[in-house]
Each structure stands twice: as structure tokens, then as C-alpha cells.
Amino acid sequence: MLSNSNFIGYGVLISILTIGGVQDWHRGEVSNWISIPLFVLGVIAFVLRAIIMDDLLVSTIHLFAMCVITLAALKGWMGGADWKVLIALFGMWPLAGFAALVVAGIWGGIAIVFNGDRNTRFPGVTAFAFAACLTFFIQISIILFE
């Protein structure tokens, strides 16, 4: 459930992601002033959540997802900003991180089908921002219809 502080925090995160998504859409890159602070905050949030929640299973799943994302980035399957933003999402808002992976997978699959090129590139941060917005509005609609 969203508390007032989560609501405001997720709103700020979505705003920053939207700026990064627009940059990625227009220029094909995202400024470091967006991606690096998000990455650092995501790692800090993950560590704090792991300590405070004291739920080994949930923390392990999030850590595993972050490791898989890091390996994908090291293999060159995503850009540096994409990696930093995904790590940030999994650290600060894991549900939006998983949604971002799904949306990016669908978006990438569609791009591959339309371009006919397995190595086609697409604006990942734009897909992540879209996924975070969807997650936010779905959570709000669940609260409103409860």
C-alpha cells in the first residue's frame, strides 16, 4: 500500500525518470546527473531495506535480479544509463523494477520484430519510465477502488 511519503517519493522518482526517458527518446542517452544519483540512491535504499525488513527471501530475490541486470550490462546487452536506472528502480521500488523489465522486454521484442534485427537498440530508460508510471497509476487505482 502507498503511504503519503511513498506517494511523494514515487512521484519524485517518476518525475526524474520521465526527464531521463525524454532525454533517452530524443538523444539516445541519459545525462549522468540523472542516472548516477538514482543509482547511488537505489543501492542505499536496497541496503537499508535489506537491513530494516530483515526478510532474507525478498532481499535475496532483489539482489539476484540486480546481479542478473549487472551481468546483462557487462555483456553489453544494455547501456550504462539503462543499467544504473534499473538498479535504482530495484533498490528504491522493486515492483516498478520488475515492471520495467517486463515493459522493456515487450518493447524490445516489438522492436526486433519490426526492424528484423536481433541487435536493434531502443530507448530503455523511456520504457522504464513508462513502466514506473503504469505501476504508480495501477497502485493508485487499486487504492481508490478498495
Side-chain angles (χ1 to χ4, degrees), residues 1-112 119-146:
M1 179 176 289
L2 287 176
S3 66
N4 286 340
S5 62
N6 285 350
F7 181 78
I8 292 168
Y10 292 159
V12 170
L13 178 60
I14 286 172
S15 300
I16 294 168
L17 280 174
T18 301
I19 293 169
V22 170
Q23 282 184 354
D24 201 13
W25 182 263
H26 288 294
R27 297 189 307 195
E29 61 183 29
V30 178
S31 299
N32 282 335
W33 68 266
I34 292 174
S35 61
I36 292 174
L38 283 178
F39 174 77
V40 171
L41 289 172
V43 170
I44 291 169
F46 169 75
V47 170
L48 290 175
R49 184 179 291 114
I51 292 170
I52 293 169
M53 276 183 29
D54 195 32
D55 188 345
L56 185 61
L57 178 63
V58 172
S59 297
T60 303
I61 291 169
H62 294 166
L63 181 61
F64 177 74
M66 293 166 89
C67 288
V68 169
I69 292 165
T70 301
L71 288 174
L74 290 173
K75 296 280 271 180
W77 297 343
M78 70 176 72
D82 299 340
W83 171 72
K84 289 180 274 193
V85 169
L86 266 179
I87 294 297
L89 278 173
F90 270 96
M92 290 188 272
W93 191 8
L95 181 60
F98 284 111
L101 280 179
V102 170
V103 168
I106 293 169
W107 191 321
I110 291 170
I112 289 170
N119 296 316
T120 191
R121 301 183 67 78
F122 64 95
V125 175
T126 305
F128 306 154
F130 180 73
C133 286
L134 281 178
T135 304
F136 183 76
F137 289 119
I138 289 170
Q139 284 185 311
I140 294 296
S141 68
I142 289 171
I143 291 170
L144 292 176
F145 292 113
E146 249 182 16

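Distance check: Ile69 CD1 to Phe64 CZ gives 10.5 Å after rounding to the nearest 0.5 Å. A distance of 8.5 Å separates CD1 of Ile143 from CZ of Phe7, quoted to the nearest 0.5 Å. Expressed to the nearest 0.5 Å, how far CD1 of Ile36 lies from OG of Ser31 amounts to 10.0 Å. Put simply, OG on Ser141 and CG on Leu134 are 10.5 Å apart, with the number rounded to the nearest 0.5 Å. Interatomic distance, SG of Cys133 versus CD1 of Ile138, reported as 11.0 Å (0.5 Å rounding). A distance of 11.0 Å separates CD1 of Ile14 from CD1 of Ile16, quoted to the nearest 0.5 Å.
Ile44 is not listed as a side-chain neighbour of Met92, based on a closest heavy-atom distance of 4.5 Å or more. The closest side-chain heavy-atom distance from Ser59 to Arg49 is not below 4.5 Å. Using a 4.5 Å heavy-atom threshold, the side chains of Asp82 and Phe128 count as touching. A heavy-atom distance below 4.5 Å is not found between the side chains of Lys84 and Leu38. In this structure the side chain of Leu13 reaches within 4.5 angstrom of the side chain of Leu89, judged on heavy atoms.
Residue Ala100 comes nearest to Leu86 through the heavy atom pair CB-CD2, 3.9 Å, listed as atom of the first residue, atom of the second, then distance. Residues Phe39 and Ala88 share a closest heavy-atom pair of N-CB, 3.9 Å. In plain terms, the two heavy atoms of Trp107 and Ala127 that are nearest each other are CE3-CB, 3.3 Å.
Judged by distance alone, the side chain of Asp24 and the main-chain N or O of Val30 form no donor-acceptor pair under 3.5 Å. Put simply, the side chain of Glu29 never gets that close to the backbone of Gln23: no donor and acceptor are under 3.5 Å apart. Thr126 contributes a side-chain N or O that, together with a main-chain N or O of Gly21, makes up a donor-acceptor pair within less than 3.5 Å.
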Checklist entry - Given Val43 and Phe90, is the side-chain contact (heavy atoms from CB on, under 4.5 Å) satisfied, shown in steps? => result CA-CA 9 Å; Val43 170; Phe90 270 96; over 6 Å; no
Next on the checklist: If you apply the rule side-chain contact (heavy atoms from CB on, under 4.5 Å), what do you find for Phe98 with Ile61, and how did you get there?
Outcome noted: CA-CA 11 Å; Phe98 284 111; Ile61 291 169; 4.1 Å; yes
Next on the checklist: Using side-chain contact (heavy atoms from CB on, under 4.5 Å), reason through Leu63 and Phe46 one step at a time and then give a plain yes or no.
Outcome noted: CA-CA 8 Å; Leu63 181 61; Phe46 169 75; 3.8 Å; yes
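Phe130 CZ: 12 or fewer foreign heavy atoms inside a 6.0 Å radius.
A donor-acceptor contact closer than 3.5 angstrom is absent between the side chains of Trp93 and Thr135.
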